[in-house]
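First up is the structure itself, then whatever we jot down about it.
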Number of protein chains: 2
Amino acid sequence: MTGTEPVAEAESGARPAARVEGRDAILEAAAAAFTERGYTATTIDDIADRLGATKGRVYHYYRSKADIFLDIHRYAMQRMLDVVTPLAQGGDPPEARIAAMVRAHAILLMTSFPFQRVSVQGLERHLAGRVTERQRAALDGVIRMRDAYEGLFVRVLEEGVAAGTFRPLVPRRAVKPILGSLNWLTVWYRPRPREEAAAQALIADEMVEFVVRGLRP
Amino acid sequence: MTGTEPVAEAESGARPAARVEGRDAILEAAAAAFTERGYTATTIDDIADRLGATKGRVYHYYRSKADIFLDIHRYAMQRMLDVVTPLAQGGDPPEARIAAMVRAHAILLMTSFPFQRVSVQGLERHLAGRVTERQRAALDGVIRMRDAYEGLFVRVLEEGVAAGTFRPLVPRRAVKPILGSLNWLTVWYRPRPREEAAAQALIADEMVEFVVRGLRP
DNA sequence: CGGGCATGATACTACCCGGTAGGTGCAAGA
DNA sequence: TCTTGCACCTACCGGGTAGTATCATGCCCG
């Protein structure tokens with residue numbers, strides 16, 4: 001959790017009085033645990049163990065496991081939106097913007113891997129039905145963010161098609177394989193202790209190349 | 001479960017004496033349940049309920065939940081291999097072969113959706129550590145199948161690069177975004193009762209277009 | 001220096017779920 | 001009609017886990 005705005009306090013599933021740093025530590029540990037074992041198989045004790053703490057600490061900051069899960073999703077999406085939104089709206093030609101967005105998306109997937117991986121692996125399935133009203137609202141918020149994020153790509157695609165930069169594709173459809181090729185990173189990529197930045201840049205460049213070529217007339 | 005060979009009996013996690021039809025019914029119900037709730041959140045009772053039966057029936061055919069899970073993966077991978085292997089090995093030029101493979105992969109994802117969705121969502125994570133020796137062997141088998149499947153694509157890419165049909169990419173790397181754009185289908189696609197075939201063909205064609213263009217020089 | 005509050009640990013409880021043990025009914029021989 | 005065995009069910013157990021109630025500690029502020 002480096003460099004992002006915390007999400008609006010009001011929408012957070014955290015307990016109202018909880019300090020932000022304490023909350024972030026929980027989220028980070030939980031993201032790592034969820035990444036490793038999946039949501040249901042992760043126990044609150046798993047999360048606490050990663051902090052060298054006990055359940056008490058976790059429940060001091062969060063009311064429930066589902067709330068932690070939802071907050072991770074919100075953080076992950078918020079970071080993506082923060083980074084990619086300006087790139088989508090710059091004055092550059094559509095191809096350059098898409099390239100920048102794809103690169104940023106790929107890099108972000110790798111640099112905040114646990115959060116993004118949890119985010120990509122989806123959430124509806126895990127919470128289907130079993131949510132309180134408050135959680136339902138948070139869930140809807142995350143889904144809206146996701147739709148908005150996809151919308152960023154769709155709009156640039158529309159522009160590019162209109163300008164003839166891209167072939168005549170259907171933006172709402174074409175965006176799926178684009179995000180798919182990117183998000184699949186969370187399945188095969190494994191963060192390595194060393195060599196990070198250079199290797200990540202290489203991977204990101206290959207993604208850009210593949211996507212941009214796939215769009216040209 | 002239509003039209004595929006059952007997997008070799010010896011490697012199956014099913015109980016030895018279990019009839020194949022009964023076993024397939026369990027697998028189908030389990031695939032649907034896992035698709036909906038995920039592996040851990042799905043209970044044996046969920047699976048039994050889908051069959052209008054009770055736990056007893058499930059345990060009559062399978063020794064454990066993990067065995068069912070593994071069998072679903074094996075079925076799904078086997079189907080992919082059965083369909084795509086001949087396409088990868090035909091005498092057509094690399095671009096035509098990749099196109100056929102991509103189309104077949106996409107169609108198969110949609111037509112046997114629950115199985116393929118479970119398969120794509122991965123398995124190691126859910127079973128990490130907690131497997132018997134017999135299950136470990138089955139797990140390794142599935143992983144080998146997956147590697148072999150990816151290898152089909154890699155080899156065609158290599159040929160295409162050598163022939164100058166594709167740009168000078170690294171096949172082992174380039175295969176990731178290709179399968180990613182395809183497998184992402186399991187995240188956003190939802191099978192609809194009607195209109196199946198035509199809509200599926202349309203989606204598959206768009207995938208082919210995107211992938212093939214992404215590979216050209 | 002003392003009281004209050006944030007922070008966290010400990011010790012429960014209640015429940016859920018995977019897996020098992022042992023039975024029941026029915027169909028097909030003999 | 002009796003027997004055998006498969007297919008499946010009922011009833012249960014035991015372990016694990018989310019969540020809670022309560023207590024301990026120490027830091028800030030008057």
Side-chain angles (χ1 to χ4, degrees), chain A residues 9 12-30 33-34 36-72 123 126-135, chain B residues 9 12-30 33-34 36-72 123 126-135:
Chain A
E9 208 62 33
S12 171
R15 303 196 114 106
R19 234 187 44 244
V20 173
E21 316 91 67
R23 207 182 63 180
D24 283 357
I26 308 282
L27 285 185
E28 207 130 356
F34 291 154
E36 210 169 88
R37 289 167 151 22
Y39 174 69
T40 324
T42 296
T43 73
I44 301 286
D45 285 323
D46 286 340
I47 299 171
D49 284 351
R50 277 174 190 268
L51 296 166
T54 64
K55 246 193 238 200
R57 179 140 151 216
V58 175
Y59 277 103
H60 178 71
Y61 289 97
Y62 278 95
R63 313 173 88 89
S64 80
K65 192 170 141 184
D67 285 312
I68 300 174
F69 193 59
L70 284 165
D71 245 23
I72 290 175
L123 73 169
H126 296 296
L127 302 175
R130 331 181 167 185
V131 282
T132 68
E133 203 152 337
R134 178 176 49 78
Q135 289 169 346
Chain B
E9 208 62 35
S12 171
R15 303 197 115 107
R19 299 286 152 279
V20 172
E21 320 88 66
R23 206 182 65 181
D24 284 356
I26 307 284
L27 285 185
E28 208 130 356
F34 291 154
E36 210 168 87
R37 288 159 136 54
Y39 174 68
T40 326
T42 297
T43 73
I44 303 285
D45 287 321
D46 286 340
I47 300 171
D49 284 351
R50 280 175 189 268
L51 296 165
T54 65
K55 246 190 235 194
R57 177 137 152 218
V58 175
Y59 278 103
H60 179 69
Y61 289 96
Y62 277 95
R63 313 170 90 87
S64 77
K65 190 171 145 184
D67 285 313
I68 301 175
F69 194 57
L70 284 165
D71 245 23
I72 289 175
L123 73 169
H126 297 296
L127 302 175
R130 330 182 167 182
V131 282
T132 69
E133 203 152 336
R134 178 177 48 79
Q135 288 169 348

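In what follows, every chain begins at residue 1, and chains take the letters A, B, ... in the order their sequences are listed.
Less than 4.0 Å separates DNA chain C from no heavy atom of any residue of residues 43-50 of chain A.
Side-chain atoms of A/Tyr39 come within 3.5 Å of backbone N or O of A/Ala66 as a donor-acceptor pair. Without hydrogens or angle criteria, B/Asp49 side chain to B/Asp46 main chain gives no donor-acceptor distance under 3.5 Å.
No hydrogens or angles were tested; on distance alone, nothing pairs the side chain of A/Lys65 with the base of D/dG19 as donor and acceptor under 3.5 Å.
Residues B/Ile47 and B/Ile26 share a closest heavy-atom pair of CG2-O, 4.2 Å. The shortest heavy-atom contact between B/Arg134 and B/Asp67 is NH1-OD1, 2.9 Å. Across B/Ile68 and B/Val58, no two heavy atoms sit closer than the pair CD1-CG1, 3.7 Å.
Mapped onto DNA chain D by nearest heavy atom, A/Ala66 and B/Arg57 fall at different nucleotides, with B/Arg57 at the one closer to the 5' end.
Here A/Arg50 pairs with A/Glu36 under the side-chain hydrogen bond (donor to acceptor under 3.5 Å, both in side chains) rule; sequence neighbours left out.
OP1 and OP2 of C/dG8 both lie 4.0 Å or more from every side-chain N or O belonging to A/His60. In terms of phosphate contacts, A/Tyr61 brings a side-chain nitrogen or oxygen within less than 4.0 Å of OP1 or OP2 of C/dG8.
Within the 4.0 angstrom heavy-atom criterion, no nucleotide atom of any strand lies near B/Thr40.
Distances from the side chain of B/Thr54 to the nucleotides D/dT10, C/dT10, D/dA18 place D/dT10 closest. The nucleotide whose nearest atom lies closest to any side-chain atom of A/Lys55 is, among D/dT20, D/dC9, C/dG19, D/dT20.
Here D/dC12 presents its P atom at 18 Å from OH of B/Tyr59, a figure rounded to the nearest Å.
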